[in-house]
Amino acid sequence: MRRAVCPGSYDPVTNGHLDIVGRAAKLFDEVVVAVMINKNKKGLFTVEERMEMLREVTEQWPNVRIDSWHGLLVDYCRENEIGAIVKGLRAVSDFDYELQMAQMNQRLSGVETLFMSTNPLYSFLASSLVKEVAAYGGDVSNLLPPSVEERLRQRLADGNA
């Protein structure tokens, strides 16, 4: 079975993330969307909330599964028999960072990283930017799935940002 992981913080999941996940789902028998946990970062949404949102917006792909992980991604891959990491690249600056990470992961474990160029519609898109625009009342409706936008608006209205 060809298995891949799409790691990220997904705080919140954007249409750009879903573009990469959907394309990976066409190439692999199983794709795990792994919410990576960083104790040093406080997310707007809890890990459980992010996983719930991801389950909702990926249900169209039966070969996509949602999970979370705290630690080295290569350890997750080893424990789950995953041979590939799929990452979306928006710009050259992404490549510089991701190439180093891919080379380290390959050296540590033999796991390969596959880079997908982002759909040009989403080349500027980042969760942090979406949160900032939404916090100031900007329209992010075409950047997020509707259910995620609703949760983001509610979270910001509740003052939990």
| task | Begin with the C-alpha distance, continue with both residues' side-chain angles, and end with the deciding distance and a verdict on side chain to side chain contact (heavy atoms under 4.5 Å, CB included) for E48 and S68. | result | CA-CA 9 Å; E48 292 76 21; S68 66; over 6 Å; no
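- Not counting sequence neighbours, the partners of D75 by the side-chain contact (heavy atoms from CB on, under 4.5 Å) test are W69, L72, R78.
- Heavy atoms only, all atoms of each residue included: E49 and F45 are closest at OE1-CA, 3.3 Å.
- No side-chain heavy atom of V32 sits less than 4.5 Å from a side-chain heavy atom of C6.
- In this structure N15 satisfies the side-chain hydrogen bond (donor to acceptor under 3.5 Å, both in side chains) test with no other residue, sequence neighbours excluded.
- Within 6.0 Å of atom CZ in F124, more than 12 heavy atoms from other residues, nucleotides or ligands are found, so the atom counts as buried in its surroundings.
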| request: Using the salt bridge (Lys or Arg N to Asp or Glu O under 4.0 Å) rule, take R153 and E149 through it: C-alpha gap first, then chi angles, then the decisive distance, then the call. | output: CA-CA 6 Å; R153 294 265 179 229; E149 181 193 11; 3.7 Å; yes
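- At most 12 non-hydrogen atoms from other residues, nucleotides or ligands lie less than 6.0 angstrom from CD of E132.
- Salt-bridge check for R151 with E52: passed, with a basic side-chain N closer than 4.0 Å to an acidic carboxylate O.
- Partner L125 forms a side-chain contact (heavy atoms from CB on, under 4.5 Å) with one of L144, T118, V130, V140 and no other, that one being V130.
- The heavy-atom pair separating C77 from V111 by the smallest distance is CB-CG2, 3.8 Å.
- By the 4.5 Å heavy-atom criterion applied to side chains, E98 and T113 are not counted as neighbours.
- Between S9 and D11, the side chains place no donor N or O within less than 3.5 Å of an acceptor N or O (distance only, hydrogens not considered).
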| field | R90/Y122 under side chain to side chain contact (heavy atoms under 4.5 Å, CB included): CA gap, chis, key distance, verdict | value | CA-CA 8 Å; R90 297 170 292 197; Y122 308 121; over 6 Å; no
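- One distance of note links CG of N119 with CD1 of I20; it measures 8.5 Å at 0.5 Å rounding.
- Counting heavy atoms of neighbouring residues, nucleotides and ligands inside a 6.0 Å radius, atom CD of Q106 exceeds 12 of them.
- Note: the hydrophobic cluster containing Y97 does not contain F95 (ILVMFWY, side chain heavy atoms under 4.5 Å, direct or indirect links).
- Follow the hydrophobic side-chain contacts under 4.5 Å out from V5 and you never reach M53; the two are in separate clusters.
- By the rule that hydrophobic residues join a cluster once side-chain heavy atoms approach within less than 4.5 Å of another member, V74 and Y76 end up as members of separate clusters.
- Following chains of ILVMFWY side-chain contacts shorter than 4.5 Å, one can reach I66 starting from L18, so the two form part of one hydrophobic cluster.
- Shown here are the side-chain contact (heavy atoms from CB on, under 4.5 Å) partners of D96, two or more places apart in sequence or in another chain: V92.
- Note: R55 CZ to E59 CD = 11.5 Å, rounded to the nearest 0.5 Å.
- What you find for A25 and V64 is that their closest heavy atoms are CB-CG2, 3.9 Å.
- V86 has its side chain within reach of F28: a pair of non-hydrogen atoms, C-beta onward, lies under 4.5 Å apart.
- Put simply, L89 and V33 are part of two different groups of oily side chains (I, L, V, M, F, W, Y) that touch within less than 4.5 Å, one to the next.
- When all heavy atoms are compared, the tightest approach of M116 to A24 is CE-N, 3.7 Å.
- The existence of a salt bridge linking R2 and E30 is excluded, since no basic side-chain nitrogen approaches an acidic carboxylate oxygen closer than 4.0 Å.
- In the displayed structure, Q100 atom CD is contacted under 6.0 Å by at most 12 heavy atoms of other residues, nucleotides or ligands.
- Considering CG of D94 and OG of S117, their distance stands at 11.5 Å, rounded to 0.5 Å.
- Of all non-hydrogen atoms in P7 and K87, the two that sit nearest each other are CG-CD, 3.8 Å.
- Sparse packing is recorded around CD of E81, with 12 or fewer heavy atoms of other residues, nucleotides or ligands lying under 6.0 Å away.
- Here the closest heavy-atom approach between residue V13 and residue L54 is recorded as CG2-CD2, 3.6 Å.
- Taking OG1 of T14 as the start and NZ of K131 as the end, the distance is 11.0 Å to the nearest 0.5 Å.
- Contact annotation: the side chain of D29 never approaches that of N63 to less than 4.5 Å [non-hydrogen atoms, C-beta and beyond].
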